[in-house]
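Below is one structure; the comments refer to it alone.
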Amino acid sequence: MANKIQTVKGTREFYPEQMALRTFIYGKVRAAAQAFGYQEYDGPFIESIDLYAAKSGEELVKKQSFTFEDRGGDLVTLRPELTPSLARMIAAKQNELTYPVRWWSFGPFWRYEQPQKGRAREFFQWNIDMLGVNSPQADAELVAVAATFLASVGLTPDKATIYVNNRRLMDSEFDKLQIPAERRLEVSNLVDRRSKMDAAKWDANAFEIGLNQVQLDGLKSILSNFELWKESDELTSFFSALEALGVSAYVKYDPNIMRGLLYYTGTVFEAFETSGSLKRAILGGGRYDNLLADVGGQPLSGVGFAMGDVVIGIILQEQGLLPSFNPTPANVLVTLFDGTLLSQAFELCAQLRKAGINTLVYPEPAKLQKQFKFADKMKVKLALVLGPDEAEQGLVVIKNLESGEQVQVKREAVVTEVQKMLS
RNA sequence: GAGCCUGUAGCUCAACGGCAGAGCGCCACACUGUGGAUGUGGAUGUUGUGGGUUCGAAACCCAUCAGGCUCCCCA
């Protein structure tokens with residue numbers, strides 16, 4: 001123990017069981033994205049820090065990124081997010097892509113943060129975006145992809161909800177309150193924090209950033225008005241599209257959803273578990289209008305969202321929504337009786353594998369009892385025995401480990417019999 | 001970057017200044033050609049790491065590492 005080198009803070013080791021969870025999430029993410037016709041892509045894992053310096057906040061670049069000098073003296077960063085890479089990739093081929101672009105990705109990201117439940121320094125994230133269309137219907141499609149994913153992992157609408165708001169709507173409300181443009185960011189952050197602070201402290205905070213009593217009262221009445229969306233044509237169209245897409249049960253309007261990101265300009269949304277130990281968002285995203293211009297492209301509007309593997313993984317585990325773990329992809333174990341039968345056992349394995357049957361072999365002679373215990377732990381469905389008696393008669397014993405029944409078949413019939421018993 | 005809580009066998013935890021333990025799991029045997037169940041026996045360890053206080057430290061103090069809760073942040 002003493003001399004063991006620990007894992008780097010905030011990283012996780014994926015033992016087969018955790019790897020199965022990651023693969024499960026990846027499979028569901030891919031299925032949801034592909035159901036809507038999205039193409040898979042990826043960017044580099046290491047980027048120049050300048051890519052993020054352009055648009056991402058100072059906090060991110062200076063404090064929350066893994067940045068270091070490479071051997072040539074350039075500052076490089078382990079990517080903390082994908083959107084700037086996506087924007088650059090789109091901008092580089094802006095005139096040859098077919099629009100709308102519908103792309104998705106699932107890969108590793110790094111952020112130098114304080115690890116907690118639901119937050120690691122190295123994590124996997126699903127990113128999915130549609131670019132080249134600026135419409136409430138496009139926004140609705142992304143929300144529908146998110147809802148499709150939630151449904152596919154068993155998070156029904158009573159367990160998870162996607163909350164939606166619109167930046168433009170909020171801006172027009174803030175205009176009515178005469179909150180100056182340069183205060184908007186602070187107000188957004190204030191709104192973001194509301195559920196986490198007690199009321200009196202929140203009020204005090206509001207005064208601190210320069211709101212007066214009338215503005216504070218106005219802000220509170222906006223934030224408690226869950227019918228506000230009806231005043232926005234954009235959101236009205238958005239909700240009717242969701243209705244048609246069949247996912248409106250998942251989606252609720254909530255004026256408290258702001259999202260800290262600077263680049264969101266229209267619809268914003270975040271999904272939360274309705275009850276449970278985690279108060280963190282499962283996924284979040286929105287519409288951004290100006291991102292491409294910042295990396296040298298022509299203006300192009302996009303909408304997308306991201307989902308980390310950590311929070312959804314914890315929720316699926318806590319809700320018991322994961323399929324039972326299979327220790328091995330093999331369905332069959334071929335036991336090894338003694339050294340003299342080793343070649344026959346291996347030949348039998350080869351036959352099975354050639355027929356497409358995943359097959360484990362016990363790698364050394366041992367008591368059958370021990371081999372059957374191993375088969376049990378590995379949860380294989382069938383165990384095959386080829387001992388001296390069987391070898392002499394040209395037979396193989398096949399035991400069904402679930403029912404406990406076993407049959408003797410001729411060597412030539414093993415493959416078809418195994419296939420029959422597995423089907 | 002700040003505050004607080006936790007770290008003991010593979011796992012969950014007990015012992016809270018006086019011989020480091022239990023349950024589960026693991027291994028062996030009963031059962032030398034058949035798993036899950038049962039019984040019997042067995043092995044667990046630098047008490048996260050380093051230092052200090054003390055006759056004596058898993059326990060108290062300091063430092064450090066990791067995890068968790070909160071602040072911050074969530075691009």
Side-chain angles (χ1 to χ4, degrees), chain A residues 1-12 15 47 51-65 77 79-87 109-121 123 125 127 185 188-189 192-193 196-198 201 205 258-264 268 270 277-286 288 291 294 304-308 310-311 314 333 335-338 341 362 365-391 397-406 408:
Chain A
M1 219 47 173
N3 293 323
K4 272 191 187 156
I5 294 175
Q6 288 182 315
T7 53
V8 171
K9 182 174 185 165
T11 62
R12 293 164 296 160
Y15 285 80
E47 289 277 14
L51 179 67
Y52 307 101
K55 190 67 183 177
S56 312
E58 203 172 306
E59 174 84 15
L60 162 67
V61 178
K62 286 202 176 144
K63 290 171 72 184
Q64 292 192 291
S65 64
T77 303
R79 63 180 187 183
E81 58 166 333
L82 188 59
T83 310
S85 306
L86 168 65
F109 294 86
W110 295 264
R111 289 182 194 174
Y112 199 84
E113 296 185 289
Q114 204 52 242
Q116 285 172 35
K117 191 178 186 184
R119 185 202 282 163
R121 286 186 173 180
F123 55 95
Q125 198 172 68
N127 283 269
L185 181 60
S188 295
N189 287 337
D192 255 352
R193 237 172 296 151
K196 290 183 189 169
M197 294 173 72
D198 67 63
K201 221 173 162 185
N205 227 300
M258 288 299 289
R259 298 195 51 76
L261 277 178
L262 299 171
Y263 53 62
Y264 290 121
V268 288
E270 274 180 337
S277 66
L278 279 181
K279 286 282 164 280
R280 297 183 186 286
I282 298 171
L283 57 87
Y288 44 89
L291 210 58
D294 294 322
F305 68 84
M307 180 187 80
V310 184
V311 170
I314 292 170
L333 172 78
T335 59
L336 189 55
F337 203 84
D338 61 44
L341 292 163
Y362 206 84
K367 282 187 179 178
L368 271 190
Q369 179 179 222
K370 199 170 170 187
Q371 300 191 43
F372 270 81
K373 275 194 179 175
F374 176 77
D376 199 48
K377 284 198 178 143
M378 288 289 126
K379 292 187 180 165
V380 298
K381 295 186 178 68
L382 304 177
L384 271 52
V385 180
L386 206 177
D389 300 349
E390 289 83 5
V397 167
I398 305 173
K399 178 160 183 176
N400 182 329
L401 291 171
E402 280 156 22
S403 66
E405 288 162 9
Q406 63 179 49
Q408 260 190 344

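Residue numbering restarts at 1 for every chain, and letters A, B, ... go by the order of the sequence lines. Worth knowing before you read on, the calculation uses all heavy atoms, side chains too, and leaves out hydrogens, waters and symmetry mates. Predicted, not measured: the structure shown is a model, and the values here were computed from it.
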Checklist entry - Do E390(A) and Q408(A) have side chains that get closer than 4.5 Å, going by heavy atoms? => result yes
Next on the checklist: Give me the distance, rounded to whole Å, that separates rG7(B) from rA63(B) when you measure between the C1' atoms they each carry.
Outcome noted: 16 Å
Next on the checklist: Mind checking if R280(A) touches a base, just sugar-phosphate, or nothing, with heavy atoms under 4.0 Å?
Outcome noted: nothing
Checklist entry - With rounding to whole Å, what would you report as the distance between rA57(B) and rC19(B) at their C1' atoms? => result 14 Å
Item to check | Nearest-angstrom distance from the residue atom CZ of F374(A) to P of rU34(B) | outcome: 19 Å
Checklist entry - Paired with rG1(B): which nucleotide, if any, by Watson-Crick or G-U wobble criteria at under 3.5 Å for both distances? => result rC71(B)
Checklist entry - Among the nucleotides rG33(B), rA66(B), rU70(B), which one has an atom lying closest to any side-chain atom of Q116(A)? => result rU70(B)
Checklist entry - For Y112(A) and rC74(B), what is the distance between atoms OH and C1' respectively, to the nearest whole Å? => result 17 Å
Checklist entry - Please give, in whole Å, the distance from rU6(B) P to K117(A) NZ? => result 19 Å
Checklist outcome for this item: Nearest-nucleotide check on RNA chain B, Q371(A) vs R121(A); residue mapping nearer the 5' end is Q371(A)
Checklist entry - Is there a side-chain hydrogen bond (donor to acceptor under 3.5 Å, both in side chains) between Q116(A) and R280(A) once you walk through the steps? => result CA-CA 11 Å; Q116(A) 285 172 35; R280(A) 297 183 186 286; 3.0 Å; yes
Next on the checklist: Output the rounded distance in Å from CD (Q406(A)) to C1' (rG36(B)).
Outcome noted: 15 Å
Item to check | d(CZ, F372(A); C1', rU34(B)) in whole Å | outcome: 4 Å
Checklist entry - Contact class for P388(A) vs. all strands (heavy atom < 4.0 Å): base, sugar-phosphate, or nothing? => result base
Checklist entry - Do Q114(A) side-chain and rG67(B) base share a donor-acceptor contact under 3.5 Å? => result no
Checklist entry - Which part of the nucleic acid, if any, lies within contact of E405(A), taking any heavy atom under 4.0 Å across all strands shown: a base, the sugar-phosphate backbone alone, or nothing? => result nothing
Checklist entry - Less than 3.5 Å between a donor and an acceptor, one on the side chain of K399(A) and one on the base of rG35(B), is that the case here? => result yes
Checklist entry - Any idea which of rU34(B), rC72(B), rG68(B) is nearest the Q369(A) side chain? => result rU34(B)
Item to check | Within-4.5 Å side-chain heavy-atom neighbours: W110(A) and P80(A) | outcome: no
Next on the checklist: How many whole angstroms separate atom CG of N400(A) from atom C1' of rG36(B)?
Outcome noted: 13 Å
Checklist entry - Among the nucleotides rG33(B), rG67(B), rC27(B), which one has an atom lying closest to any side-chain atom of K9(A)? => result rG67(B)
